[in-house]
> 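I'd like to ask some things about the structure below.
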Amino acid sequence: MAPQNSRSRLIVRKARLADIATINRIVQRAYPKMDDYSFDELRGQINNFPEGQLVAVYEDQVVGYCATICLPEAQVMRRHSWAQITGNGYGSTHDIDGDYLYGYEVCVDPDARGLRIGRRLYREREALAVKLGLKGIVFVGRIPGLRRRFKQFGSAEAYVEAVADKTTRDRVLSFQLAQGYELLGVIPNYLPDDPDSMGYGAHLLWRNPEYKYREDVAGDSHVHLQRRNTVRIATVQYMQRAIDSFDEFAQIVTYFVRETSDAKADFVVFPELFTVQLLSIKNEELHRRAAIQQLADFTDDFRKLMADLAVRFNINIIAGSHVSWVDDELQNIAYIYLRDGSEHLQPKIHPTPGEREDWNIVGGDSLNAIETDCGPVGVLVCYDSEFPELSRHLADQGINILFVPFSTEDRAGYLRVRYSAHARAVENQIYVATAGNTGNLPRIHAMDMHYAQSAIVTPCDFAFARDGIAADTTPNAEQVAIADVRLDTLHEARTSGSVQNMLDRRHDLYRVQWKPRRRAPAKPRRTAAKPGQARSTDKS
């Protein structure tokens with residue numbers, strides 16, 4: 001019998017978001033001649049199908065990675081490219097009702113070769129296919145010996161047939177065939193940036209021997225492997241009025257957090273720059289740039305308040321946005337506080353013309369899905385919701401819910417955000433929750449007037465609320481709207497709805513590609529810090 005304190009030196013487990021940097025390094029080392037993954041692509045792979053992404057861990061170090069999705073039989077059996085079938089590497093084409101597990105990545109750290117890590121990942125992938133009751137596994141493998149021997153065989157098909165007949169050997173394909181995979185054929189232009197394989201891939205199949213014993217159950221799918229089904233969202237339409245102190249602001253905010261927590265909400269979302277109310281404390285006539293710079297002085301107190309409330313009331317808080325110094329620049333940053341105590345930041349990418357010219361606000365350059373206990377979510381601040389590329393980038397990373405804190409002066413501005421929210425919900429098949437300001441601050445010329453009708457909107461299909469509105473508020477009245485949204489309904493709509501916007505995208509024609517950020521992630525400095533001093537806050 002093994003000693004009580006013994007532990008496994010080698011395990012295979014689900015990949016975590018915390019593994020992304022290590023996985024990226026392994027891919028770079030395993031395939032030095034090919035493009036590596038961006039962090040956003042790896043985040044999308046894990047978020048879109050958490051159970052299908054596996055890592056091998058040897059002596060507490062990640063040494064191997066395996067990526068899979070579920071797809072329909074017709075899709076995996078016909079000719080395709082890697083970019084097309086994987087959603088350009090994000091795994092966003094994952095279909096919870098798919099017939100086959102599709103493998104699109106297995107890589108092992110070169111320093112760990114000899115431990116049979118690849119073989120272990122293949123076995124774990126097969127066990128997952130059996131667990132899900134799938135017909136089997138399909139993938140298109142590299143044939144790295146092709147270029148070197150192309151003149152000898154004259155074609156990719158002849159080379160692959162020779163490997164299958166064991167008259168020649170390819171270090172990758174021979175291994176895969178030895179694992180019990182059947183050769184279906186050769187696919188050209190599968191991975192154009194693979195020079196050794198000349199873009200070709202070997203189309204391979206593993207049949208699940210247990211599938212013939214599987215009994216179909218009405219309504220059965222793989223959705224049972226996903227996260228919780230029902231998520232309760234509360235959106236606060238916040239009234240701007242004069243206050244006398246930060247404590248008074250804290251009392252108002254605490255009231256809304258407490259009430260939504262008592263209503264068992266999982267999320268509560270506040271509007272963009274709802275903290276502008278703090279400028280009324282001194283009751284001074286403040287003009288645009290001076291006002292917004294003074295607002296940044298409240299950053300530390302604001303962050304402490306919201307972080308404490310999230311933990312104290314056990315609720316995830318989308319704390320609107322607040323103007324903060326990042327080095328020597330002002331940014332409009334959304335602050336997100338999860339009930340586990342973590343803080344996440346999402347800078348506004350596109351400042352409005354007024355923000356740029358009147359306030360000297362600078363746009364951020366990072367946009368990441370945020371992992372929560374209700375699955376991955378995204379945040380776009382007001383104007384950002386009007387740029388469809390941003391929400392698509394978040395959808396590729398696996399979000400199901402998008403939060404849009406906004407602040408608009410008139411009905412026309414409000415409707416731009418509202419119509420954009422509906423468009424984002426339809427085109428990405430996600431839920432979108434908006435929260436806006438109402439009321440007036442006559443002496444604060446930075447943001448003196450407001451118009452809002454906050455809402456929680458859905459895709460438009462039979463399974464969702466009439467008109468695509470789960471809940472909304474009365475225009476220009478301080479209110480809270482609450483709605484339950486179901487993630488299983490969302491997933492069902494993506495795979496079997498009247499339209500299937502996410503699955504029907506033409507990945508062979510277009511994509512959203514996020515360029516590497518120009519600088520490190522936003523790190524707001526302390527209010528009293530000298531320029532350049534900052535503290536790290538991003539725990540995503």
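This is a predicted model, so every value here is computed, not measured.
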> Side chains of His350 and Phe387: does their closest heavy-atom pair fall under 4.5 Å?
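Yes, close enough: below the 4.5 Å cut-off.
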> Would you kindly say whether Tyr37 and Glu105 are connected by a side-chain donor-acceptor distance under 3.5 Å?
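Result is yes, a qualifying pair exists.
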> For Cys107 and Ala30, which heavy atoms make the closest approach, and how far apart are they?
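It is CB-CB, 3.9 Å.
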> For the rings on His80 and His203, is their centre-to-centre separation under 6.0 Å?
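They qualify: ring centres under 6.0 Å apart.
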> Is any side-chain heavy atom of Cys70 closer than 4.5 Å to a side-chain heavy atom of Leu134?
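Of all side-chain heavy-atom pairs linking Leu134 with Cys70, at least one is under 4.5 Å.
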> Within a radius of less than 6.0 Å around OH of Tyr510, do more than 12 heavy atoms belonging to other residues, nucleotides or ligands occur?
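Yes - once you tally the heavy atoms of other residues, nucleotides and ligands closer than 6.0 Å, there are more than 12.
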> Which value, rounded to the nearest 0.5 Å, describes the distance between Ile317 atom CD1 and Phe270 atom CZ?
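Ile317 CD1 to Phe270 CZ: 6.5 Å, rounded to 0.5 Å.
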> Can any side-chain N or O of Thr434 pair as donor or acceptor with the backbone N or O of Ala455 at less than 3.5 Å?
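The answer is yes, because a donor-acceptor pair under 3.5 Å joins these two groups.
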> Looking at Asn48 and Tyr90, would you say the former's side chain and the latter's main chain have a donor-acceptor pair under 3.5 Å?
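Yes.
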> Using the side chain to side chain contact (heavy atoms under 4.5 Å, CB included) rule, take Leu17 and Asn47 through it: C-alpha gap first, then chi angles, then the decisive distance, then the call.
CA-CA 8 Å; Leu17 294 177; Asn47 284 336; 4.1 Å; yes
> Under 3.5 Å, is there a donor-acceptor pair between the side chain of Trp206 and the main chain of Gly180?
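Flag not set: sc Trp206 to bb Gly180 has no pair under 3.5 Å.
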> Would you mind reporting whether Met77 and Leu184 have side-chain heavy atoms less than 4.5 Å apart?
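Yes, close enough: below the 4.5 Å cut-off.
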> Report, as yes or no, whether the 6.0 Å neighbourhood of atom CZ on Arg116 holds more than 12 heavy atoms from other residues, nucleotides or ligands.
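It does not: Arg116 CZ has 12 such atoms or fewer within range.
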> Classify the angle between the aromatic ring planes of Phe267 and Phe403 as parallel (below 30°), tilted (30 to 60°) or perpendicular (above 60°).
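Phe267 vs Phe403 ring planes: tilted.
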> To the closest 0.5 Å, what do you measure between CG (Leu415) and NE2 (His422)?
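Between Leu415 CG and His422 NE2, I get 10.0 Å after rounding to 0.5 Å.
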> Shortest non-hydrogen contact from Gly89 to Gln45?
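Of all heavy-atom pairs spanning Gly89 and Gln45, the closest is O-NE2, 2.8 Å.
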> What's the spacing between Asp109 CG and Gln28 CD if we round to 0.5 Å?
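So the CG of Asp109 and the CD of Gln28 are separated by 11.5 Å.
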> List the steps, then state whether side chain to side chain contact (heavy atoms under 4.5 Å, CB included) holds for Leu115 with Val63.
CA-CA 10 Å; Leu115 297 174; Val63 295; 5.7 Å; no
> Between CD of Gln176 and CD1 of Ile143, what distance do you get to the nearest 0.5 Å?
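Rounded to the nearest 0.5 Å, the CD-CD1 separation comes out at 10.0 Å.
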> Strictly below 4.0 Å, N to O, side chains only: are Lys131 and Glu51 in salt-bridge contact?
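Salt bridge flag = no for Glu51 with Lys131.
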> Test your reading of the model: is there a side-chain donor-acceptor pair from Arg424 to the backbone of Ser385, 3.5 Å cut-off?
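Yes: the side chain of Arg424 pairs with the backbone of Ser385.
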> Taking only Lys NZ, Arg NE, NH1 and NH2, and the carboxylate oxygens of Asp or Glu, determine whether Arg418 and Asp472 approach each other closer than 4.0 Å.
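Salt bridge flag = yes for Asp472 with Arg418.
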> Is Asp196 close to Lys33 at the side-chain level, that is, under 4.5 Å between some pair of heavy atoms?
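Yes, at least one pair of side-chain atoms sits under 4.5 Å.
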> In terms of side-chain heavy atoms, does Ser498 have a donor or acceptor partner in Asp461 at a distance below 3.5 Å?
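Side chains of Ser498 and Asp461: pair found under 3.5 Å.
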> Is a side-chain donor or acceptor of Arg171 paired with a backbone partner of Pro144 at a separation under 3.5 angstrom?
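Not confirmed, Arg171 side chain does not pair with Pro144 backbone.
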> Nearest heavy-atom pair of Trp514 and Asp365: which atoms, and what distance?
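Shortest heavy-atom separation between Trp514 and Asp365 comes out as NE1-O, 3.5 Å.
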> Charged N to carboxylate O under 4.0 angstrom, Arg392 versus Glu389?
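The answer is no: the pair does not qualify as a salt bridge.
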> Val257 versus Ile315: any side-chain heavy-atom pair under 4.5 Å?
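In contact.
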> For Arg494, run the side chain to side chain donor-acceptor pair (under 3.5 Å) check against Asn400, Asp504, Asp97 and tell me which one passes.
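Among Asn400, Asp504, Asp97, the one that satisfies the side chain to side chain donor-acceptor pair (under 3.5 Å) with Arg494 is Asn400.
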> What I'd like to find out is whether the side chain of Asp488 reaches to under 4.5 Å of the side chain of Leu490, using heavy atoms alone.
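With C-beta onward as the side chain, the pair stays apart.
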> Would Asp396 and Arg505 count as a side chain to side chain contact (heavy atoms under 4.5 Å, CB included) here? Give the steps.
CA-CA 11 Å; Asp396 279 338; Arg505 289 181 293 165; 2.9 Å; yes
> Between Arg29 and Asp111, is there a salt bridge with N-O shorter than 4.0 Å?
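So Asp111 pairs with Arg29 through a salt bridge.
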> Is the cationic atom of Arg125 (NZ for Lys, CZ for Arg) positioned less than 6.0 Å from the six-membered ring centroid of Phe139 and within 45 degrees of its normal?
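Flagged: Arg125 positioned over aromatic ring of Phe139.
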> Identify the heavy atoms of Asp19 and Lys14 that sit nearest to each other, and give their distance.
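That closest heavy-atom pairing would be OD2-O, 4.4 Å.
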> Determine, for Asp36 against Arg25, whether the closest basic-nitrogen to carboxylate-oxygen distance falls under 4.0 angstrom.
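No, Asp36 and Arg25 are not salt-bridged.
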> To the nearest 0.5 Å, what is the distance between CD on Gln429 and OG1 on Thr495?
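Here the interatomic distance stands at 9.0 Å.
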> If you measure from the Lys or Arg side-chain nitrogens to the Asp or Glu carboxylate oxygens, is any gap between Arg43 and Asp40 under 4.0 Å?
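So Arg43 pairs with Asp40 through a salt bridge.
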> Does one side chain, of Asp508 or Gln84, offer a donor that lies under 3.5 Å from an acceptor on the other?
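Judged by distance alone, the side chains do not pair up.
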> If every non-hydrogen atom of Thr458 is compared with every non-hydrogen atom of Ala470, which pair is closest and at what distance?
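Reported closest heavy-atom pair: CG2-CB, 3.8 Å.
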> Does any part of the side chain of Leu204, heavy atoms only, come nearer than 4.5 Å to the side chain of Leu177, both counted from C-beta?
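In short, these two side chains touch, coming nearer than 4.5 Å.
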> Indicate whether any N or O donor in one side chain lies under 3.5 Å from an N or O acceptor in the other, for Tyr159 and Asp170.
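A pair is found: one side chain offers a donor N or O, the other an acceptor, under 3.5 Å apart.
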> OG/Ser454 to CD/Gln479 distance, rounded to the nearest 0.5 angstrom?
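If I round to the nearest 0.5 Å, the distance is 9.0 Å.
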> Is there a donor in the side chain of Tyr337 and an acceptor in the side chain of Glu343, or the other way round, less than 3.5 Å apart?
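Yes - a donor-acceptor pair under 3.5 Å links their side chains.
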> Without swapping roles, check the side chain of Ser261 against the backbone of Phe313 for a donor-acceptor pair under 3.5 Å.
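Between the backbone of Phe313 and the side chain of Ser261 there is a qualifying donor-acceptor contact (under 3.5 Å).
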> If I compare all heavy atoms of Gly103 with all of Thr68, which pair ends up nearest, and what's the gap?
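Closest heavy-atom pair between Gly103 and Thr68: CA-CG2, 4.1 Å.
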> Do the non-hydrogen side-chain atoms of Gln346 and Leu367 ever get within less than 4.5 Å of each other?
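Yes, at least one pair of side-chain atoms sits under 4.5 Å.
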> Under 3.5 Å, is there a donor-acceptor pair between the side chain of Asn316 and the main chain of Asp266?
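Indeed, once roles are kept as given, a pair shorter than 3.5 Å links the two residues.
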> Hey, what's the ring geometry for Tyr414 with Phe406, parallel, tilted or perpendicular (30° and 60° as the breaks)?
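Rings of Tyr414 and Phe406: tilted, as their planes differ by 30° to 60°.
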> Above 12 or not: heavy atoms from other molecules or residues under 6.0 Å from CZ of Arg486?
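Buried by this count: over 12 neighbours within 6.0 Å.
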> Mind checking whether Phe175 and Tyr122 have parallel, tilted or perpendicular rings, split at 30° and 60°?
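Perpendicular, since the angle between the ring planes exceeds 60°.
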> Any donor and acceptor pair, going by atom type alone, linking the side chain of Gln453 with main-chain N or O of Thr473 inside 3.5 Å?
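Side chain of Gln453 to backbone of Thr473: a pair is present.
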> Could you walk me through whether Leu487 and His491 pass side chain to side chain contact (heavy atoms under 4.5 Å, CB included), step by step?
CA-CA 6 Å; Leu487 302 186; His491 297 147; 4.1 Å; yes
